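Naming convention: chains lettered A, B, ... in sequence-line order (proteins, then strands); numbering from 1 in each chain. The shown structure was predicted, so the numbers you read here are calculated from the model rather than taken from an experiment.
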Amino acid sequence: MDYEIKLDQFQGPLDLLLFLIRKNKIDIYDIPIALITEQYLKYLEIIRSLNLDEAGEYLVLAATLLHIKSRMLLPVPEEETEEGEDDPRQELVKQLLEYQVFKDAASALETRPVLERDVFKRGSHEGDVEVNPDEETLIEVGIFDLVEAFQKVIAISGKSELMEIDLEKISLADRINEIMDTLTQNRSLTFTELLGESSNKRQVIYTFLAILELIKLRMIKAFQNESSGVIRIFLAVEE
Amino acid sequence: MEGLKAVIEALIFASETPLDVNKLADVLDSVEKKAIRDCLARLIEEYNSENRGFCIVEVAGGYHFRTKNAWSPWIKKLKKGKPATLTPVMMETLAVIAYRQPVLKAEIDKVRGVDTGGAIKKLLDRKLVRIVGRKDVPGKPIIYGTTQRFLEVFNLKDLSELPTLRELKELQE
């Protein structure tokens, strides 16, 4: 049996369990715990080899399955085997059925005419027109937003993994002056515009360092209109 | 009657958010709500029956213009860029909140069998979910509920328009 899986195929441990039950064509009210536990653990092993963080989420249910398995192996004392005796699987089945209902509820929601996907209302919406910086409400950008934006540009430009050692062709001071010049001409620039004009990784890094330096010196300011929005760079003092 | 109908049409057109009958009655003082409702019904009927690009829908407790489903491919082309979709995890979390609200994070986690903090945060960012309050028990856990925007995005008049969980269960069987 092969266990080829896509990591994001399951929305969580209960989802994986439901998948196994369906795959084995098992009656949910009579789950062969030994078989399911074994398969579940095999999947967990694969998930673990791919992504340790995610595996943690699946561990609790693995423990629950093993616990149920062990309880089912134990002989039940005579006096407790009356009608209505608790099946150790009962709690889990209840949880699975409940989860299934909400999974269905989610797909039912998904089939509705969704705004901005199937139906649209009047007027523009975020992302469809170039925003006028004067109309944006701006929030000041933190260092992490800058680093994130930097990584995006690097991801676009940094295709080659070749090591390159060469003489310093540009200096930080040069780049700082260039940025100040461009900003004086343009009033404001987006972060990507500033970095995008740099052709290689080295230049991108210098540009980024220059921006950080300029912010530290309080010569420029960085704003964005929402979290993860476009970062705009302004001159701190307008001449 | 025709005049009133036209005014109502204009008001809905000009409104940023869905307009409810009370609001319409406020603006159109001295007009009975019954007359307004009749006009609305006729407007909806007209837009639906005619070959139009858009129609009036009852959504989030009010009335609003929406383009018809069939024309979405063209509008998407106009707007470029993909609409921000919700991931399956976000959809599941949203479904639990919608049906169980007012609900605690611990309850959502229990249903999904996994920590849902990340998904809740994203739903809060998207304004589909809001913090309703805090429960008066140790730790004062946050209570979550859906927003007006949730109704707007999923084209629901109100929460009662959601299929009941029993209906969903029967569908399943």
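- Around the NZ atom of B:K110, the shell of radius 6.0 Å holds no more than 12 heavy atoms that belong to other residues, nucleotides or ligands.
- Using a 4.5 Å cut-off between heavy atoms, B:F54 makes no contact with chain A at all.
- In this structure, B:R112 contributes its side chain and A:Q11 its backbone to a donor-acceptor pair below 3.5 Å.
- The shortest distance between side-chain heavy atoms of A:K121 and B:E152 falls below 4.5 Å.
- Shown here for A:P113 and B:N155, the closest heavy-atom pair between the two residues is O-ND2, 2.9 Å.
- Other residues, nucleotides and ligands contribute at most 12 non-hydrogen atoms within 6.0 Å of the CD atom of B:E32.
- Proximity to chain B is limited to the side chain of A:A108, based on heavy atoms less than 4.5 angstrom apart.
- Contacts between residues 58-73 of chain B and chain A, counted as heavy-atom pairs separated by less than 4.5 Å, involve B:H64, B:F65, B:R66, B:T67, B:K68, B:N69, B:S72.
- Contact annotation for residues 130-141 of chain B against chain A (heavy-atom separation below 4.5 Å): no residues qualify.
- Taking CZ of B:F154 as the reference point, atom OG1 of A:T111 lies at 10.0 Å (rounded to 0.5 Å).
- Neither the backbone nor the side chain of B:A119 comes within contact range of chain A, judged by heavy atoms closer than 4.5 Å.
- Here the straight-line distance linking atom OG1 of B:T85 with atom CZ of A:R117 works out to 9.0 Å at 0.5 Å rounding.
- Shortest non-hydrogen contact noted between B:V111 and A:F102 is CG1-CD1, 3.5 Å.
- The part of B:S15 that comes within reach of chain A is its backbone (N, CA, C, O), which places non-hydrogen atoms under 4.5 angstrom from that chain.
- Panel note: side chain B:E92, backbone A:Y99; no donor-acceptor pair is recorded below 3.5 Å.
- Contacts between A:L109 and chain B at a heavy-atom distance below 4.5 Å involve backbone atoms as well as side-chain atoms.
- Heavy-atom pairs under 4.5 Å with chain A peak, among B:V57, B:V96, B:L86, at B:V96.
- Looking only at side-chain heavy atoms (C-beta outward), A:E116 and B:V153 stay at 4.5 Å or farther from each other.
- For chain A, the nearby part of B:L162 is the side chain; its heavy atoms alone come within less than 4.5 Å.
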